[in-house]
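Reading through the structure tokens given below for one structure.
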Amino acid sequence: MKIGIDKIGFYTPAMYIDTGDLAEARGVEPGKFKVGIGQEKMAVAPKTQDSVTLAANAALRILTQDDIDKIDYVIFATETGVDHSKAAGIFAHDLLGLKKSARSIEIKQACYSATAGIQIAKGHVALNPDSRVLVLASDISRYGLNTGGEITQGAGAVAMVIARDPKLMTIESPSVYQTDDAMDFWRPLYSDTAYVQGKFSVIQYINFFKELFAQYQEKTQTSLKDFEALVFHTPYTKMGLKALQAVLEDADEADKKRLLDYYEVAKHYNAIVGNIYTGSLYLNLISLLEQNNSLEDGATIGLFSYGSGSVGEFFTGVLQPDYRNHLLTEQHVQMLEDRKQISIDRYEKVFMDTIPNGIGDIELDIEADPAPICLAGIKDHMRQYVNKNHL
Ligand code: COA
């Protein structure tokens with residue numbers, strides 16, 4: 001049975017900053033952020049968007065009534081969840097009006113967990129061929145103002161429906177994966193910003209890719225020629241490029257050109273949204289699928305998933321007949337164009353204006369946020385979510 005990604009969409013908040021403005025404000029050469037890091041714009045989340053609302057807004061774009069009737073499993077991958085106990089998947093399940101006879105969970109392993117979610121979904125569909133599984137990957141990346149990681153922040157979510165006979169791309173077996181206890185990036189329970197050993201995280205990431213890619217090729221008796229394109233977990237676009245270049249040193253010119261050209265296409269959305277942690281690999285995939293004009297049905301795409309800490313996986317997918325007709329390219333491009341650029345001063349105020357822990361009731365201004373699904377406030381320590389379409 002073929003199982004894979006039947007639908008895919010993403011959502012990012014309606015505000016962004018230009019990384020050139022950030023460079024100027026931080027006294028850095030713009031070339032460092034634009035070229036050295038490879039980021040053009042960075043999404044900024046208002047207080048009314050959290051990992052739940054971002055994911056639900058992404059899912060709204062892809063779900064039809066038929067999906068809503070058939071989805072029996074919600075797997076929510078995040079490292080910026082909103083509750084230590086209750087799964088974010090349950091909030092999303094309710095906001096999307098999914099049927100009661102569904103499982104809803106939340107899973108975590110830094111930026112890797114959406115891949116675990118896809119593999120769990122694949123197993124579930126293999127056992128229950130009529131099932132449709134909603135996998136959500138949603139995060140707000142926060143390192144802090146004036147930190148080394150600030151340029152690699154962002155916010156957004158990817159929503160995918162995993163099903164049999166997928167319209168977009170199969171998820172093939174085998175895949176290769178590995179775990180290695182490392183402190184390259186983490187976020188203690190008491191902190192709303194991440195800690196990172198930046199240079200070490202880059203080394204760890206590249207080593208994981210080299211090891212897993214070599215293992216995969218050995219296991220499947222394949223070589224660079226067998227991959228039409230490779231997509232990467234992309235905290236910032238230079239990072240994936242470094243990993244790709246690390247396996248191209250001895251490649252022939254045709255393989256080099258093809259893989260580097262497709263890397264340019266795949267990095268586009270990541271460069272103008274920023275780091276969305278769990279969804280970053282899948283945003284890279286969406287960009288490749290929507291922005292290329294030469295990938296044909298049947299092409300094999302290699303996917304490298306990495307979550308600091310660290311767990312990584314390399315696997316492949318095969319593009320399905322007419323996949324282009326099942327993408328949301330126009331909607332996504334429009335959403336990105338409609339975003340409003342804000343000043344660094346405004347970004348800093350939005351960044352600092354977080355909901356304090358354990359305070360009393362608050363009400364948020366959801367009218368200022370064009371997103372259909374918003375966080376409207378907190379009442380009796382319970383988050384109040386609103387789907388404006390249902391008001
Ligand atoms: N024009 C063009 N490039 C420039 C430049 C300029 N004016 N000035 C500097 N650069 C280049 C540097 O040469 C370097 O390129 P290289 O990496 O190819 O060598 C790059 O910009 C970054 O410069 P660097 O001095 O290394 O930046 P930094 O000390 O601020 O650290 C990170 C950068 C990425 C390590 C830091 O932003 C970080 O920790 N980010 C988070 C990492 C992360 O996301 N980890 C999670 C892993 S999953």
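We count ligands from 1, going down the list as the structure has it; atoms in each ligand are counted the same way. All heavy atoms count here, side chains included; hydrogens, waters and symmetry mates do not. Everything numeric in this text was worked out from a predicted model, so none of it was measured.
Distances between N or O atoms of Lys238 and those of ligand 1 include at least one value under 3.5 Å. Looking at ligand 1, you won't find any N or O of Asn275 less than 3.5 Å from one of its N or O atoms. Taking only nitrogen or oxygen atoms, main chain and side chain alike, Tyr236 does not reach within less than 3.5 Å of ligand 1. Distances between N or O atoms of Tyr306 and those of ligand 1 include no value under 3.5 Å. In terms of polar-atom proximity, Tyr205 is not counted as a contact of ligand 1, lacking any N or O under 3.5 Å from an N or O of the ligand.
Heavy atoms from both the backbone and the side chain of Lys32 come within less than 4.0 Å of ligand 1.
Atom 11 (C) of ligand 1 has Gly36 CA, 3.5 Å as its closest protein atom, hydrogens excluded (heavy atom only). Counting only heavy atoms of the protein, atom 42 (C) of ligand 1 lies nearest to Ser201 OG, 3.8 Å. Ranking protein heavy atoms by distance to atom 29 (O) of ligand 1, first place goes to Lys199 NZ, 2.7 Å. Among protein heavy atoms, atom 19 (O) of ligand 1 sits closest to Lys242 NZ, 3.9 Å.
Asn387 places a side-chain N or O within donor-acceptor distance of the main-chain N or O of Leu95, the cut-off being under 3.5 Å. Under a 3.5 Å cut-off, the side chain of Glu218 and the backbone N or O of Ala214 do not form any donor-acceptor pair.
A side-chain donor from one of Tyr282 and Thr115 sits under 3.5 Å from a side-chain acceptor of the other. There is no side-chain donor-acceptor pair under 3.5 Å between Glu79 and Gln109.
Ligand 1 has at least one atom lying under 4.0 Å from a heavy atom of Gly148. Not a single heavy atom of Glu150 lies less than 4.0 angstrom from ligand 1.
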